[in-house]
There are 2 protein chains.
Amino acid sequence: MSMVFAKMFLSGQTGDMTTRRERLRAATYEEIKTAALAQITAVGGSSLSLRGVAREIGMSPAGLYRYYDGRDELLTDLITDAYNDLATTVESAMDAGGDSMHDRFAEGMRAYRRWGLEFPNRFLLIFGTPIPGYEAPEAGSTVEGNRRMGEAFFAVGAEAWRRGQLSVPTSARTATKGERDLAFEIDPQMPPQLVPVMLGTWAHFHGLVTLEVLGQFQWLYGDRSDVLFESEIERLLAGIGLMI
Amino acid sequence: MSMVFAKMFLSGQTGDMTTRRERLRAATYEEIKTAALAQITAVGGSSLSLRGVAREIGMSPAGLYRYYDGRDELLTDLITDAYNDLATTVESAMDAGGDSMHDRFAEGMRAYRRWGLEFPNRFLLIFGTPIPGYEAPEAGSTVEGNRRMGEAFFAVGAEAWRRGQLSVPTSARTATKGERDLAFEIDPQMPPQLVPVMLGTWAHFHGLVTLEVLGQFQWLYGDRSDVLFESEIERLLAGIGLMI
DNA sequence: CATGGTATGCGAGCACTGTTCACAATGTCA
DNA sequence: TGACATTGTGAACAGTGCTCGCATACCATG
């Protein structure tokens, strides 16, 4: 919707050269995506129905193929959006953590969880069972959001390390080439042992969120799973040296 | 399945009292489940096709309804199997860990991961996006495998605690009623603070396995993700006091 | 053994899905 | 205005889960 107005706003300017048709087309794209997003939010990605969104926006099913080359392409678009939405949510939450590395981490994780609980079907669209037939385009737009989120977490980790707040583990094994390369890319001085620790930390709270989204803590915590998450955050951050 | 036993129970008593019909019926059940399992292993649960398994075993689609009351019931049966299969796998792997609590934990987690990587589609059948329309029967058979696995892990944790090998966290918060009740049920002396720690530990390696099954570590580790998992196991066990 | 009831299987059909294709209407531009 | 590209449609095809009525096999009982 806002996209529509943005397009119309831009149409007045010189460089954009939007014809009437292009504006209509952009609006239709938005309409399709809005309807599809609503359907996914309600019933989940695997039961997204092309004919359903066609019905919703008052278009024939065949007409949708002028915009998306089938169901998978529409899904890819929505997965991309979900990734980016989650990424920006986490990023801005981290900024709200202020100058404390502990708080930046904690706020990022809380935002991750909140987003997952608010949009469980979109969360599972990203981290649940892959839609059959859907294949993530290699180095495509869906991995972009993934990269952004990883970058955000690694950035905070690197800064915490620079400040000497991160305890470097005395690892029993030598780092892999990938770990060394990545660490060097983030900060040439950063010890590669921190890479698996950061990934493991992500896996830790990601596992908590996943299981909670799937309702696996319901039997024990009911609607009070937040106390589990909060205590785990503290334990997890203490594990890498970031005391409260 | 339960229907068969009910019939046998009603018709006579001792289990060997099988008529020709009942034997055929049991065999057909097995054939259906085998075909369905093969299909799920290959293409995933959400694209399990009733007509497909009917074709596979040379039966009409309608005939299947004499055995399963629709697709969801067939899926429920396979989910139950997957749960129990994973549970027994983990249980027996733990036993292979011998007397060391560290090793029992580690072997259990490794078995969890191995099973997930060997049967990714069955793993996602349990821990991925729930099949639309499928609802876990309340206190039904699917939660049984879940309970078994939780029990196995909690048992090892409790034993480690009894031996004084588990570091009890100085938690900042008071335990919830559920945590206290569960701890008391496991061992009346066990500190309730250990409950969230055990659950968080499960979430930690579950997150690692989930992300690996979904291929999220591929870009960094390729086919060598095991080094990440192994170092995380050690870090995770050290976190609860179980040194190597 | 014969018979009646039951368990099992099948074909046809319904409502739905994603997708393709020929065709008509509409917007854009020389 | 005429030529062309863009957009939308209805019909159709193959696939799905599922229901129903009908036929056949089985099995316990008279």
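When reading the values below, keep in mind they use all heavy atoms of this one structure, side chains included, and skip hydrogens, waters and symmetry mates. Chain letters run A, B, ... following the sequence lines, proteins first, then strands; residues in each count from 1.
Between the P atom of C:dT17 and the CG atom of A:Leu75 lies a distance of 15 Å, rounded to the nearest Å. What separates CZ of A:Arg25 from C1' of C:dT28 is a distance of 15 Å, to the nearest Å. Rounded to whole Å, the distance from OH on B:Tyr68 to P on C:dG9 is 13 Å. When rounded to the nearest whole Å, the span between CE of B:Met59 and C1' of C:dT8 equals 7 Å. Atom CD1 in B:Ile32 sits roughly 12 Å away from atom C1' in C:dT8 (whole-Å rounding). Look at CD on B:Glu73: it is 12 Å from P on D:dT19, rounded to the nearest Å. Atom CD of B:Glu56 is separated from atom P of D:dT16 by 13 Å (rounded to the nearest Å). Per the geometry, CG belonging to A:Leu50 stands 11 Å off P belonging to C:dT20, to the nearest Å.
A cation-pi contact links B:Arg25 to B:Tyr67, judged by a cut-off of 6.0 Å to the six-membered ring centre and 45° from its axis.
Counting non-hydrogen atoms under 4.0 angstrom, A:Tyr67 reaches the backbone sugars and phosphates but no base. Using a 4.0 Å heavy-atom criterion, one finds that B:Arg23 contacts no nucleic acid atom at all. As judged by a 4.0 angstrom heavy-atom cut-off over every strand, A:Gly70 is placed among residues touching the sugar-phosphate backbone only.
From A:Ile32, atom CD1 reaches atom CZ of A:Arg66 across 12.5 Å, with rounding to the nearest 0.5 Å.
Closest contact between the side chain of A:Tyr65 and the listed nucleotides C:dC10, C:dT8, C:dT20 involves C:dT20. Of the candidates D:dG8, C:dG9, C:dT19, the closest approach to any side-chain atom of B:Thr28 belongs to C:dG9. The side chain of A:Ala62 has D:dT9 as its nearest neighbour among D:dT9, D:dA12, C:dG9.
With A:Arg113 as reference, A:Asp226 is the one residue of A:Val213, A:Asp226, A:Leu208 to meet the side-chain contact (heavy atoms from CB on, under 4.5 Å) rule. Applying side-chain contact (heavy atoms from CB on, under 4.5 Å) to B:Val156 and the options B:Glu107, B:Met198, B:Arg104 leaves one that passes, B:Arg104.
Looking at B:Arg71, its side chain does come within 3.5 Å of a backbone N or O of B:Leu48 through a donor-acceptor pair.
Relative orientation of the A:Phe153 and A:Tyr112 rings is perpendicular, given thresholds of 30° and 60° on the angle between their planes.
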Passes salt bridge (Lys or Arg N to Asp or Glu O under 4.0 Å), A:Arg147 versus A:Glu144? Steps please.
-> CA-CA 5 Å; A:Arg147 190 195 55 74; A:Glu144 172 69 11; 2.8 Å; yes
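For DNA chain C, no neighbouring residue in residues 35-49 of chain B is found when judged by any heavy atom under 4.0 Å.
In this model, the phosphate group of D:dT24 is not approached by any side-chain N or O of B:Arg66 to a distance below 4.0 Å at OP1 or OP2. A close approach under 4.0 Å does not occur between any side-chain nitrogen or oxygen of A:Arg51 and OP1 or OP2 of C:dG18.
Below the 3.5 angstrom threshold, one finds no donor paired with an acceptor across the side chain of A:Arg71 and the base of C:dG18.
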